[in-house]
Amino acid sequence: MTIRVLPSTLVNQIAAGEVIERPASALKELVENAIDSGARRIDITLDDGGRVLIAVADDGCGMTADEISLAVERHATSKLADDDLLNIGTLGFRGEALPSIASVARMTIASRAARDGELADAAWALSIEGGKKGEIHPANLRRGTRIEIRDLFYATPARLKFLKTSRTELTHAIDAVKRLAMSRPDIAFTLESEDRTHLRYEANGGDLLDARLARLGEVLGREFTENALPISAEREGIRLTGFAGLPTLNRGNARLQFLFVNGRPVQDRLLSGALRGAYADFLARDRHPLVALFLEAPPGMVDVNVHPAKAEVRFRDSGIVRGLVVGALKHALSEAGHRASTTVADAALGAFQPGRTMPLQGRYGYAPSRPSPGLAEAAATFQSPQSSRSQAGMGALDGFDTPNGAVVIEEDEAREAYPLGAARGQLHETYIISQTSDGIVIVDQHAAHERLVYERMKTALENGGIPRQGLLIPEVVELDEAAVARISDHAHELAELGLAVEAFGANAVVVRETPGPLGHCDVKGLVRDLADELDGLGAGRALRERLQDVAATMACHGSVRAGRRLAGSEMDALLREMEATPHSGQCNHGRPTYVELKLADIEKLFGRR
Ligand SMILES: Nc1ncnc2c1ncn2[C@@H]1O[C@H](COP(=O)(O)OP(=O)(O)O)[C@@H](O)[C@H]1O
Ligand SMILES: [Mg+2]
């Protein structure tokens, strides 16, 4: 056996295996270096998703000839001036990226140093191929640094094989730049590939929060900034700022969750867990909110030296951080009250767009083979609150004969001034239609009521338990043995939720009392669903969280089911309660409880604008 010290190129290639996974990771390191150099603008060029070329040019402090030569040596860095790993103010600090990349690719660095605003007389360049350094030579560069990486992984063919299609690699690269761009709105970024400009962000000066919102709008789009709540909170010296999307703006994966710690994009379990906790009440488990959150922690509170790619951090006190994130988000979400995202209305209007869903025929309207699905039927079964007194006797379209063409049941401007307006009717015994001062609102009565009952139950839970109502005749519900066991195991918690239930032989349970806030409920359905729910919950979760899940299942059963006809006063009462109840803009699964269409948008549908 011979033990030997590995040659440095091999050492660097091993390090590259950790740090440089794909073109996007090399690009991330170069852009981080450019940011650390004090650049005001960073221009990126990629070819073939970054396999053929990754070039990053900046206007930062640059390097002298000696510095260029040192920069590609292993563990050479200018960023740990006082050797203090706990006090890191830059994105880089490991002195590893350039030598690692240079060991697996062909790299050229050109740079012109600037010190105290004075540009050096000359620019210098150095090429390294598969770790072999060339000669330093004069170069032509006005300022800053330009680093080109060609043929990434040519020297490590095994890694090369793992690359995905150019498109996929390009997407990863763009994502990496977007993340960094979000945290530095004061820097301009461009990214080009194959003569196409993929990103062009202007530098935003001035107030950081305004600049950040503007940049987030550029990166994530108007949809995000319009439907995001500003977050600002502080706990024990740790500051949290940024924006959190309304629950109704959600996605099937967590890719649009951007988390930063001291300006560094991170993927952090603790933080994603805190996010899940904050939204648990508003979103189904498989839906994810959109957020961009920035934590600033004083040095010493956070350790960034955890992960070779610097994507993870460790907090000294994770409890404080979790509490800060959960608290701030919950607060913002309850302040948002019954607000649902505008995307809901956009989607609804999109569905109405005649051209998109239904082909036009001649100038007369829609093709007979595909009649306007919802609207005609809706009109035919239109049921106004007043006509519900005479029930089916009223002609369905009577209401449309008023002079201004709208269904006017009673003039009541005061009610219309409410955010959710005045109830005007019920369609399909499922949707409440109301009129606001500048639009119409369509409420899904079941979803809305479910949310209201759930919020009532939560409030009651927090205030010492949910009141119960006795059943005149106890109800026996037949279940299989395992389900009976699950229910009786949890009888105590269920009682706290207002459901008095006990085993009744081996194959049934008997229910004597039900939760007050549910009103009349379908006891059999409720108990069966609870038995299933308890099965899915697993044992490890916190009691409190489980109680809330169970409360949600209960709320679903006690709610005004779709299909129940409501009187006008009942509808108005529902609307007023929604306005007064936090989180009532979405049901317990993150679906909206109502859609608001502005008159201005409706007019557009009819080409009146
Ligand atoms: N774009 C740049 N502008 C100025 N200096 C740079 C640039 N890129 C790299 N450097 C210098 O090269 C050094 C090594 O870079 P790197 O290998 O990424 O390690 P680190 O960023 O951890 O210091 C940096 O510390 C910095 O001094
Ligand atoms: Mg670096």
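Whatever order the structure lists them in is the order used to number ligands and atoms, beginning at 1. Numbers here are sequence positions counted from 1.
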**Item:** atom 17 (O) of ligand 1: nearest protein contact (heavy atom, Å)
**Value:** L98 N, 2.9 Å

**Message:** Can you confirm, on distance only, whether ligand 1 has an N/O atom lying under 3.5 Å from any N/O atom belonging to D36?
**Reply:** no

**Prompt:** Which one holds for S37 and ligand 1: side chain close, backbone close, both close, or neither close, with close meaning a heavy atom under 4.0 Å?
**Reply:** side chain

**Request:** Just jot down the ligand 1 atoms closer than 4.0 angstrom to any heavy atom of G92, in number order.
**Result:** 21 (O), 22 (O)

**Message:** Heavy-atom count check: over 12 atoms from other residues, nucleotides or ligands less than 6.0 Å from D195 CG?
**Reply:** no

**Identity and distance of the protein heavy atom lying nearest atom 8 (N) of ligand 1** = N33 CB, 3.2 Å

**Prompt:** Under 3.5 Å, N or O to N or O, is A76 touching ligand 1 that way?
**Reply:** no

**Message:** Below a 4.0 angstrom heavy-atom separation, can you tell me which part of D58, side chain or backbone, both or neither, approaches ligand 1?
**Reply:** side chain

**Geometric N/O contact G62 with ligand 1, under 3.5 angstrom** = no

**Request:** Answer side chain, backbone, both or neither: which part of T145 comes under 4.0 Å from ligand 1, heavy atoms only.
**Result:** side chain

**Asked** For ligand 1, is any non-hydrogen atom under 4.0 Å from E32's backbone (N, CA, C, O), its side chain (CB onward), both, or neither?
**Response** neither

**Complete:** If we number the atoms of ligand 1 from 1 as shown, the ones under 4.0 Å from a heavy atom of R94 are 22 (O)

**Item:** Salt bridge flag under 4.0 Å for residues E96 and K310
**Value:** no

